[in-house]
Amino acid sequence: MPELPEVQTILDALTPLILHQTIHDIHIHWPGVVDRPPTEVFRAELRGRSVVKSKRRGKYMLFGLDDGQTLIMHLRMTGKMRVVPAQSPLQRHDRLSFAFENGQTWHFNDQRKFGRAYLVADAAEIVSKLGPEPLGADFTPANFHARIARRRAPIKSLLLDQRLVAGIGNIYADEALYRARIHPLRTGAELSLADAATLVDAIRQVLQQALAEMGTTLRDYRRPDGSAGSFQNSLSVFRRTGQPCLSCGAPISRIVVGGRSTHFCPREQPYP
DNA sequence: AAGAGACCCTGGATGC
DNA sequence: TGCATCCAGGGTCTCT
């Protein structure tokens with residue numbers, strides 16, 4: 001569930017708590033959390049290491065280690081991070097814990113077991129398939145339009161395709177399409193260059209605002225200190241089915257697109 | 001190649 | 001109250 005603004009907010013809060021702290025033990029509470037390498041290799045390689053830099057790529061968190069390897073984590077739907085004293089009790093759904101020499105422990109908690117950890121020599125192994133960062137310089141109307149121009153899938157589905165643009169999930173896809181006044185079922189091929197430019201701008205604006213508000217808390221998302229974001233108070237369409245459009249008053253519609261619930265204003269976002 | 005659907009899980013909400 | 005069903009913010013895989 002965490003999308004770009006939530007992942008960035010979590011990483012910003014987490015980084016100062018773990019940077020340059022030496023890991024002296026690794027506890028894998030549920031082995032499926034480690035995607036690669038095999039769990040015993042994962043433990044052996046990480047013991048004695050420290051994180052020397054961190055960054056976000058799409059919805060992935062990348063932790064550069066002092067030996068040059070990269071620890072990559074993805075929160076998927078319900079993943080959370082917290083850093084607490086070592087004597088603090090484990091919580092239900094804790095999947096992976098890193099104990100530091102400074103007496104603090106970094107826990108990864110994930111109710112639905114979708115989240116994953118990867119330890120790789122080259123981060124590209126995991127993130128090279130991702131499209132451009134939506135807030136980066138190469139996410140331009142011309143580039144985006146060129147990549148969707150021959151696609152017949154609904155634009156809503158294309159926004160969720162991380163190979164086209166990285167970091168957008170269901171909430172911000174719906175919110176961006178509303179701001180751009182584009183119906184979610186319009187296909188990529190139907191969108192003009194001007195439409196693409198409007199959408200690129202809407203994506204940037206909604207993500208920037210959500211970053212400023214520290215993300216959207218619906219049920220599970222929490223920052224590492226347990227506090228919530230506030231963008232849920234700024235949602236225009238997401239999970240507002242039947243409620244009046246903030247612009248025209250028409251009731252917000254909910255449909256399913258590509259298996260995902262999709263919310264839009266039928267008057268502000270007409271199907272042409 | 002691109003698109004649709006199943007699947008991985010747990011638990012909260014809803015319906016009977 | 002108890003039980004069944006549906007639903008969830010993501011990503012990957014298979015099939016067509």
Side-chain angles (χ1 to χ4, degrees), chain A residues 1-10 29-36 56-61 72-81 91-96 108-118 125-131 134 146-178 184-190 203 206-207 210-211 213-223 228-242 254-263:
Chain A
M1 350 151 228
E3 308 180 31
L4 185 154
E6 291 76 28
V7 175
Q8 186 69 58
T9 300
I10 290 167
H29 312 294
W30 176 68
V33 70
V34 176
D35 182 277
R36 69 191 74 174
R56 179 194 55 73
R57 180 75 176 89
K59 302 173 197 170
Y60 290 86
M61 290 189 265
I72 300 179
M73 304 193 67
H74 197 299
L75 303 170
R76 294 285 185 95
M77 305 278 274
T78 52
K80 297 185 211 24
M81 303 286 196
Q91 293 185 4
R92 192 173 184 192
H93 309 312
D94 280 342
R95 307 300 180 197
L96 178 62
F108 175 61
N109 182 286
D110 181 29
Q111 177 202 116
R112 287 175 72 180
K113 296 182 174 176
F114 287 171
R116 291 292 183 268
Y118 314 79
E125 183 179 332
I126 305 299
V127 300
S128 64
K129 296 182 296 275
L130 296 175
R147 296 192 65 180
I148 66 173
R150 282 168 296 282
R151 300 291 298 268
R152 300 195 175 185
I155 185 62
K156 166 65 186 280
S157 298
L158 296 176
L159 289 180
L160 296 179
D161 184 343
Q162 304 298 299
R163 295 168 300 186
L164 288 177
V165 54
I168 300 172
N170 213 25
I171 297 175
Y172 299 113
D174 283 3
E175 293 296 313
L177 287 170
Y178 172 77
L185 286 177
R186 290 179 68 190
T187 67
E190 284 170 3
I203 289 166
V206 73
L207 293 177
L211 276 168
E213 299 189 25
M214 310 278 217
T216 302
T217 298
L218 292 178
R219 179 184 300 167
D220 297 302
Y221 161 70
R222 283 291 185 283
R223 290 151 63 196
S230 63
F231 192 77
Q232 64 275 11
N233 302 316
S234 302
L235 295 174
S236 297
V237 291
F238 192 79
R239 291 211 188 163
R240 292 194 65 244
T241 310
R254 177 187 180 276
I255 59 176
V256 175
V257 180
R260 305 275 164 179
S261 74
T262 298
H263 313 75

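Order of the sequence lines sets the chain letters (A, B, ...), proteins ahead of strands, with each chain counted from 1.
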### Task
Using atom CD1 of Ile10(A) as one end and atom P of dG9(C) as the other, report the distance to the nearest whole Å.
17 Å
### Query
Under 4.0 Å between a side-chain N/O of Ser261(A) and OP1 or OP2 of dG9(C), yes or no?
yes
### Message
Give me the distance, rounded to whole Å, that separates dT14(B) from dG9(C) when you measure between the P atoms they each carry.
### Response
16 Å
### Task
Using atom types as modelled and distance alone, determine if a side-chain donor or acceptor of Lys59(A) lies under 3.5 Å from a backbone N or O of Ile168(A).
yes
### Message
Checking side-chain polar atoms at under 3.5 Å, does His263(A) have a donor or acceptor matched by the opposite partner on Asp174(A)?
### Response
yes
### Task
When you get a sec, tell me which of dG11(C), dG11(B), dG3(B) is the closest nucleotide to the side chain of Ala153(A)?
dG3(B)
### Query
Looking only at heavy atoms, which two atoms of Arg36(A) and Glu125(A) are closest? And how far apart?
NH1-OE2, 2.6 Å
### Message
If I compare all heavy atoms of Glu175(A) with all of Ser236(A), which pair ends up nearest, and what's the gap?
### Response
OE1-N, 2.8 Å
### Query
Should Arg254(A) be listed as having a side-chain N or O under 4.0 Å from OP1 or OP2 of dA8(C)?
yes
## Note on the structure
By the Watson-Crick or G-U definition, both distances under 3.5 Å, dT5(C) is matched with dA13(B)
### Query
How long is the line joining CE of Met61(A) and C1' of dG10(C), in whole Å?
14 Å
### Query
Does Gln162(A) have a side-chain nitrogen or oxygen under 4.0 Å from the phosphate oxygens OP1 or OP2 of dG10(C)?
no
### Task
Would you tell me if any nitrogen or oxygen in the side chain of His93(A) comes within less than 4.0 Å of OP1 or OP2 on dG11(B)?
yes
### Message
Any base atoms under 4.0 Å from Arg92(A), or only sugar-phosphate, or nothing? Heavy atoms, all strands.
### Response
sugar-phosphate
### Aromatic ring of Phe114(A) stacked on base six-ring of dG11(C), 5.5 Å, 30°
no
### Query
Between the base of dG10(C) and the side chain of Arg260(A), is there a donor-acceptor distance below 3.5 Å?
yes
### Summary
Winner on side-chain proximity to Glu3(A), out of dG10(C), dA2(B), dA4(B), is dG10(C)
### Message
With hydrogens left out and only the distance checked, is there a donor-acceptor pair under 3.5 Å joining Arg112(A)'s side chain and the base of dA8(C)?
### Response
yes
### Message
I'd like to know whether Ile255(A) forms a side chain to side chain contact (heavy atoms under 4.5 Å, CB included) with Leu185(A), so could you lay out the CA-CA distance, the side-chain angles of the two residues, the decisive distance to 0.1 Å, and finally the verdict.
### Response
CA-CA 10 Å; Ile255(A) 59 176; Leu185(A) 286 177; 3.9 Å; yes
### Task
Please determine if a side-chain N or O atom of Ser157(A) lies less than 4.0 Å away from the OP1 or OP2 oxygen of dA4(B).
no
### Message
Is any side-chain heavy atom of Asp35(A) closer than 4.5 Å to one of Ile126(A)?
### Response
no
### Query
What is the distance, rounded to the nearest whole Å, between atom CD1 of Ile168(A) and atom P of dG11(C)?
11 Å
### Task
Determine whether the aromatic ring centres of Phe231(A) and Phe238(A) lie less than 6.0 Å apart.
no
### Message
Side chain of Arg151(A) only, heavy atoms from C-beta on: which candidate in dG11(C), dA8(C), dG3(B) is closest?
### Response
dG3(B)
### Message
Just the rounded figure in Å: distance from C1' of dT12(C) to CZ of Arg163(A).
### Response
10 Å
### Query
Atom CG of Asp161(A) and atom C1' of dG10(C): how far apart are they, to the nearest Å?
12 Å
### Message
Between dC7(C) and dG5(B), how far apart are the two P atoms, rounded to whole Å?
### Response
15 Å
### Query
In whole angstroms, how far is the P atom of dG9(C) from the CG atom of Leu4(A)?
18 Å
### Message
Between Lys113(A) and dT10(B), is there a contact of a side-chain N or O with OP1 or OP2 at under 4.0 Å?
### Response
yes
### Summary
Rounded to whole Å, NZ of Lys80(A) lies from P of dG9(C) at a distance of 15 Å
### Task
Give one of base, sugar-phosphate or nothing for Gly259(A), where a contact means two heavy atoms less than 4.0 Å apart.
nothing
### Message
Once you apply a heavy-atom cut-off of 4.0 Å, does Phe231(A) come out as touching a base, just sugar-phosphate, or nothing?
### Response
nothing
### Task
Quickly work out the Asp174(A) CG to dA8(C) P distance and round it to whole Å.
11 Å
### Task
For nucleotides dC9(B) and dT14(C), find the distance between their P atoms and express it as a whole number of Å.
16 Å
